[in-house]
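Working notes, structure below.
Values in this document were obtained by computation on a predicted structure and should not be read as measured data.
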Amino acid sequence: VAMSDPAADSKTVQESVDLLLKAQKDDGSWGGLPVTSWAVLALKSSRMAELKVPDAAFLKASGYLETLYARDAAGRGSFGGTPAGTARAVILRQVMGLQGGVAEGALTLDANPPLTMQADPEYLYFGTLAAFHLGGKTWARWHPSLVDALDEWTRVDGNLYPDGTPPDRWVCATASGTLCLEILYR
């Protein structure tokens, strides 16, 4: 890449962003909350790299998130009915600059620290990213549990996954744990 033509690289990257934008569904999603999470984060990174990403893509994604929002009897916010869905939605709302549902979602993160969510490596990543960006008491509670979880789940061979993780999810779990380490050392 260092010896390539920056203008040509930029054009290719913008074409990739345009393809991702075209894949957005009428409901604002990219086919569900997990895929939408990665798409919105990619678009946010693209915008930060000064690529063209229209506000409309984020507005549509926000509308999709609104269709998933509910509040439980304890006042905790939930997106999609699961802690993992809530973690995804909280970080998406944060990167899109939206505040609604974030504080309530933080209560869900507080009630479900990493060690209690052993079977969901994506919750580990999205929850860590959301808690880090929330900061304050949420991060202060999340961080020690994250460190304990990463320590407990690290295997002698270098893989990182909780007991009971099916072998076909070991790579995803290890990648999620590695991404969490990246967050810790920002």
Side-chain angles (χ1 to χ4, degrees), residues 29 32-45 48 58 61-62 64-166 169-186:
S29 77
L33 187 53
V35 179
T36 299
S37 303
W38 292 111
V40 169
L41 291 177
L43 292 176
K44 179 64 175 181
S45 294
M48 291 170 65
F58 294 113
S62 174
Y64 169 70
L65 291 177
E66 290 303 315
T67 67
L68 303 177
Y69 183 73
R71 191 180 297 194
D72 69 13
R76 294 184 296 252
S78 173
F79 291 87
T82 67
T86 300
R88 287 180 181 101
V90 167
I91 189 59
L92 296 185
R93 295 186 70 73
Q94 288 174 309
V95 301
M96 291 189 291
L98 306 169
Q99 296 304 312
V102 171
E104 296 89 346
L107 295 173
T108 298
L109 294 176
D110 289 344
N112 297 281
L115 276 174
T116 67
M117 301 301 292
Q118 293 192 4
D120 193 344
E122 289 188 45
Y123 175 71
L124 183 70
Y125 172 66
F126 284 103
T128 299
L129 192 57
F132 179 82
H133 282 277
L134 285 164
K137 292 177 183 176
T138 299
W139 180 245
R141 284 190 283 268
W142 186 273
H143 181 257
S145 182
L146 172 67
V147 170
D148 290 345
L150 294 174
D151 183 51
E152 182 177 313
W153 300 341
T154 301
R155 306 298 172 183
V156 178
D157 64 2
N159 284 312
L160 191 150
Y161 52 86
D163 290 335
T165 302
R169 299 282 292 163
W170 290 354
V171 171
C172 179
T174 300
S176 294
T178 303
L179 287 169
C180 289
L181 288 172
E182 184 272 332
I183 294 166
L184 285 174
Y185 292 102
R186 285 184 177 193

### Query
So how far is it from W142 CH2 to C180 SG, rounded to the nearest 0.5 Å?
8.0 Å
#### Entry: Heavy-atom side-chain contact between L184 and T128 under 4.5 Å
no
### Message
Among residues at least two apart in sequence or on other chains, which ones pass side chain to side chain donor-acceptor pair (under 3.5 Å) with T36?
### Response
none
#### Entry: Approximate separation, where rounding is to 0.5 Å, of T178 OG1 and Y125 OH
11.5 Å
### Query
Who pairs with D151 by side-chain contact (heavy atoms from CB on, under 4.5 Å), at least two apart in sequence or on another chain?
none
#### Entry: L150 side, atom CG; S176 side, atom OG - distance, nearest 0.5 Å
10.5 Å
### Task
Walk me through it: do V90 and T108 pass the test side-chain contact (heavy atoms from CB on, under 4.5 Å)?
CA-CA 10 Å; V90 167; T108 298; over 6 Å; no
### Beyond-backbone contact of F132 with Q94, side-chain heavy atoms, under 4.5 angstrom
no
## Note on the structure
W139 meets the side chain to side chain donor-acceptor pair (under 3.5 Å) criterion, sequence neighbours left out, with none
### Query
Which is it for L41 and F126 under the side-chain contact (heavy atoms from CB on, under 4.5 Å) test, yes or no, and what are the steps along the way?
CA-CA 11 Å; L41 291 177; F126 284 103; 3.6 Å; yes
### CG-OG1 distance between L68 and T82, expressed to the nearest 0.5 angstrom
9.5 Å
### Query
Under 3.5 Å, is there a donor-acceptor pair between the side chain of S45 and the main chain of A42?
no
## Note on the structure
Shortest non-hydrogen pair, A130 vs A87, comes out as CB-O, 4.0 Å
### Gap separating the CH2 atom of W38 from the CD atom of E122, nearest 0.5 angstrom
6.5 Å
### Message
So V35 and S29, do their side chains get closer than 4.5 Å, heavy atoms only?
### Response
no
### Message
Using modelled atom types and a 3.5 Å cut-off, is there a donor and acceptor pairing between side-chain atoms of Y123 and backbone atoms of T86?
### Response
no
## Note on the structure
CG of L146 to CG of L124, rounded to nearest 0.5 Å, is 5.5 Å
### Query
Residues in side-chain contact (heavy atoms from CB on, under 4.5 Å) with L98, at least two apart?
S62, R93, M96
### Query
Any side-chain heavy atom of L134 within less than 4.5 Å of one from L109?
yes
### Message
With heavy-atom distances below 4.5 Å as the criterion, would you say the side chains of V40 and I91 are in contact?
### Response
no
### Task
List in chain and number order the residues that pass side-chain contact (heavy atoms from CB on, under 4.5 Å) with N159, two or more places apart in sequence or in another chain; answer none if no residue qualifies.
R155, D157, Y161, T174
### Message
Could you work out, with salt bridge (charged side-chain N to carboxylate O under 4.0 Å, His left out) as the rule, every residue matching D110, not counting sequence neighbours?
### Response
R141
